[in-house]
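Some notes on the structure that comes next.
Keep in mind it's a predicted model, so treat the numbers as computed, not measured.
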Amino acid sequence: MNAMRGENFNQLLPPQAKAEMLRVLSFMDELGSELEHVSDLFGPTPNLRISMHLIRGHLEGRLTTITSLIGASRAPYATANRRIKDMISAGLIDQRPRTSTGKSFSLHPSVELLDQWTQLTNRVQRLANDQFGGRASDEASDYYFGGSYLKAKSIPPMKVLAEPLKLAGGLRVLVHGDPTFMVMDNLKRQFEHAIGTQIHQRAFSIDRLREETKRNAQRKASNYDIVAVDLPWVGEFAEQNVLMPLDKVLDLARVDPADFHTAGWQAAHWGGRAYGIPAQTTPELLFYRKDLFARAGIEPPATTKELLNAAKQLHDPQRGMHGIAWNAARGTALGHTVLMTFADFGQPIINLEANAGGFSTQTLAEDKYRITIDTPVGLQAAEFLMEMLKYSPPDILSMSWYERIRPYAAGKIAMAYGYTLLAPYFELDEASPAKDQTGYLPHPAGPDGASIAPVGGYIMGIPANLPKERVAAAAEALLTFTSPSAQKLFVQNGSRTNPRYSVGSDPDVRRMSPIFEAVDAMSWRDELQFWPRPPIPEITDIIQICGEEFHDMLRGIVSPQDALRRAQERADATLHSPP
């Protein structure tokens with residue numbers, strides 16, 4: 001029961017408070033390591049390290065066993081085992097059976113220990129601020145995930161590496177041909193100066209990028225040092241040894257995980273290991289014309305019903321205005337819409353376990369999931385798509401990533417679902433009627449759902465078949481490309497994606513677009529979620545299947561019920577072991 005209360009504690013803990021605890025843990029861990037290396041007289045502190053390992057595992061959703069806890073203590077086996085038993089007796093550690101026999105247990109911080117660490121987090125931050133940061137300002141209360149205590153703090157320019165990277169032939173990078181990565185290509189000279197070697201970048205469309213990445217994995221030696229990976233591919237690429245686990249090549253503390261939006265960092269993991277660093281965290285939002293809504297006296301939609309009502313009111317084809325645009329082109333584009341619409345109505349595409357933030361993806365690597373398409377909630381989602389079709393432009397069934405935003409930017413669409421990376425199409429266009437008139441919302445919720453902003457974007461990782469002599473340099477380049485300084489540079493040159501909280505809080509970045517403040521607010525409210533597109537190995541096939549079957553539905557070839565049934569049957573066939 002105490003362990004259950006501990007789970008609830010974690011679920012109800014605001015993202016910024018969770019981040020603060022993680023940062024304090026990192027600080028104390030590093031300080032402890034420094035002290036232990038000063039002299040042999042400064043021995044390890046097992047109880048402290050046991051507590052820190054338990055808390056970190058709890059906050060990050062990782063399973064903690066007695067073996068991992070003993071290892072984290074840095075004490076002899078017998079000493080660590082005795083300390084753990086003492087903490088269990090003192091009510092600081094809870095045990096939970098892992099099997100029906102009850103012979104195997106996982107270990108969890110008790111509510112008492114969690115309460116103690118919450119208080120400790122506040123004290124450590126206050127002491128550090130008093131001693132090293134001067135008097136706390138009023139703005140200090142607005143500290144959040146990886147951000148500064150002082151909002152006015154600007155991220156410095158990108159630094160040049162002390163030693164140029166030694167890579168024969170230069171650094172080879174494979175990316176997606178989207179606005180953010182194109183900004184990176186435009187800044188190639190600056191990045192070459194920073195890392196001390198030439199950069200050769202290839203960019204492909206999303207489907208060709210996946211094909212080339214998989215083809216590269218079959219080569220004896222990788223043609224690329226770094227590859228960009230769409231978030232839903234992480235599970236497949238981890239299982240098929242396409243990507244190298246990051247903990248094999250660098251100390252993850254150097255990445256500063258607490259600085260990333262929670263959903264973006266979690267999406268980079270499979271089986272508890274990180275396979276890349278977020279390069280883009282770009283949630284799909286609802287863009288809407290604030291001026292048109294104000295003129296019509298319509299409130300911004302919070303539910304799918306309100307969205308349909310607004311689309312109906314603003315839909316005026318005779319005057320060249322349509323209610324809404326979305327990804328509806330056959331295949332990959334519509335498939336993404338289907339999965340996200342299911343999520344809006346409160347149901348993931350597979351049977352994930354519900355939690356306070358939506359649904360848990362921690363056990364996906366155990367391969368025990370089944371497809372959930374042909375359900376009553378699925379029918380609601382399908383009928384919503386059919387209704388939305390009525391207020392969409394006539395070419396909606398051929399609209400995909402960019403096509404849905406271009407008419408919005410041209411002033412022909414009142415609302416559009418779109419990733420933040422597409423915002424430059426209207427934010428940077430002086431002639432666009434949507435410039436300075438766009439509001440940003442999470443997806444409106446269906447009757448049984450909650451408002452969420454499904455997280456998309458890319459991580460950058462290292463191919464598993466990269467020659468050993470290139471790995472260390474590739475890891476250093478990866479850290480440079482994903483650093484706060486680099487991310488700020490992307491934004492200043494037109495990008496509207498940002499995986500880091502510190503970048504979103506930078507005053508220079510805030511002045512570039514209201515989208516960063518909107519996304520940060522959604523993250524604080526725990527609305528950024530990546531479970532709508534769970535990164536299971538079969539997800540690409542499932543997306544394609546949904547994009548085909550639901551396209552037939554939207555064209556009127558099959559009924560919603562038949563589309564659901566056919567999609568379910570085909571998706572079931574993609575699993576290793578049919579349900």
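A194 and K159 get closest at one heavy-atom pair: CB-O, 3.8 Å. The minimum heavy-atom distance between Y417 and P444, with the atom names listed, is OH-CD, 3.9 Å. Listed here is the closest heavy atom pair of F481 and A486: O-CB, 3.5 Å. Between W233 and I206 the shortest heavy-atom distance is CH2-O, 3.4 Å. L165 and A473 make their closest contact through CD1-O, 3.5 Å (heavy atoms, listed as atom of the first residue, atom of the second, distance). Closest heavy-atom contact between S51 and L113: OG-CD1, 4.2 Å.
Between D506 and R500 there is no salt bridge, since no side-chain nitrogen of the basic residue lies less than 4.0 Å from a carboxylate oxygen of the acidic one. Under 4.0 Å is where a charged nitrogen must lie from a carboxylate oxygen, and between R273 and D247 at least one such pair does. Taking 4.0 Å as the cut-off between side-chain N and carboxylate O, K166 and E476 do not count as a salt-bridged pair.
Between D230 and L209 the shortest side-chain heavy-atom distance does not fall below 4.5 Å. Using a 4.5 Å heavy-atom cutoff, the side chains of L246 and L478 are in contact. Side-chain contact check for L25 versus I55: some heavy-atom pair is nearer than 4.5 Å. A heavy-atom distance below 4.5 Å is not found between the side chains of V503 and F516. Contact check for R289 versus P433: side-chain heavy atoms found under the 4.5 Å cut-off. Proximity of Y425 to Y402: side-chain heavy atoms (C-beta onward) are separated by under 4.5 Å at one or more points. Between P454 and R533, the closest side-chain pair of non-hydrogen atoms is not below 4.5 Å. Between D225 and V173, the closest side-chain pair of non-hydrogen atoms is not below 4.5 Å.
With I324 as reference, L307 is the one residue of L314, L308, L307 to meet the side chain to side chain contact (heavy atoms under 4.5 Å, CB included) rule.
E403 places a side-chain N or O within 3.5 Å of a backbone atom of S400 that can act as its donor or acceptor partner. Remark: side-chain polar atoms of R202 are not paired, donor with acceptor, to backbone N or O of V175 under 3.5 angstrom. Remark: side-chain polar atoms of Q487 are paired, donor with acceptor, to backbone N or O of A279 under 3.5 angstrom. Remark: the backbone N or O of P156 is paired with a side-chain donor or acceptor of S485 at under 3.5 angstrom.
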- Message: Assess the residue pair D429 and R406 against the criterion (salt bridge (charged side-chain N to carboxylate O under 4.0 Å, His left out)); give the C-alpha distance rounded to whole Å, side-chain angles, the decisive distance to 0.1 Å, and a yes or no.
- Response: CA-CA 11 Å; D429 182 358; R406 289 185 180 124; over 6 Å; no
- Query: For D178 and Y419, what are the C-alpha separation, side-chain angles and deciding distance, and is it a side-chain contact (heavy atoms from CB on, under 4.5 Å)?
  - Reply: CA-CA 11 Å; D178 62 43; Y419 286 111; over 6 Å; no
- Message: Assess the residue pair I277 and M460 against the criterion (side-chain contact (heavy atoms from CB on, under 4.5 Å)); give the C-alpha distance rounded to whole Å, side-chain angles, the decisive distance to 0.1 Å, and a yes or no.
- Response: CA-CA 5 Å; I277 304 175; M460 298 186 82; 5.7 Å; no
- Test V491 against V183 for side-chain contact (heavy atoms from CB on, under 4.5 Å), laying out the working first. CA-CA 9 Å; V491 172; V183 166; over 6 Å; no
- side-chain contact (heavy atoms from CB on, under 4.5 Å) between W531 and N355, intermediate numbers included: CA-CA 11 Å; W531 59 262; N355 63 21; over 6 Å; no
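With sequence neighbours excluded, no residue satisfies salt bridge (charged side-chain N to carboxylate O under 4.0 Å, His left out) with R189. With sequence neighbours excluded, the residues forming a ring pair (Phe, Tyr, Trp, His ring centres under 6.0 Å) with F181 are Y458, listed by chain and number.
A distance of 6.5 Å separates OG in S505 from CD1 in I155, rounded to the nearest 0.5 Å. To the nearest 0.5 Å, atom CE of residue M184 and atom CG of residue L489 are 11.0 Å apart. Between D520 atom CG and N498 atom CG the span is 7.0 Å, to the nearest 0.5 Å. Going from atom OG1 of T281 over to atom CG of L421 covers 11.0 Å, rounded to the nearest 0.5 Å.
Ring centroid separation for the pair F293 and Y288 comes in under the 6.0 Å cut-off.
Side chains of N327 and H336: no donor on one and acceptor on the other come within 3.5 Å. Of the N and O atoms on the side chains of T497 and T420, not one donor lies less than 3.5 Å from an acceptor on the other residue.
Between Y440 and F287, the ring-plane angle classifies as perpendicular under the 30° and 60° cut-offs.
For K412, the NZ atom is loosely surrounded, since the number of other residues' heavy atoms within 6.0 Å does not exceed 12.
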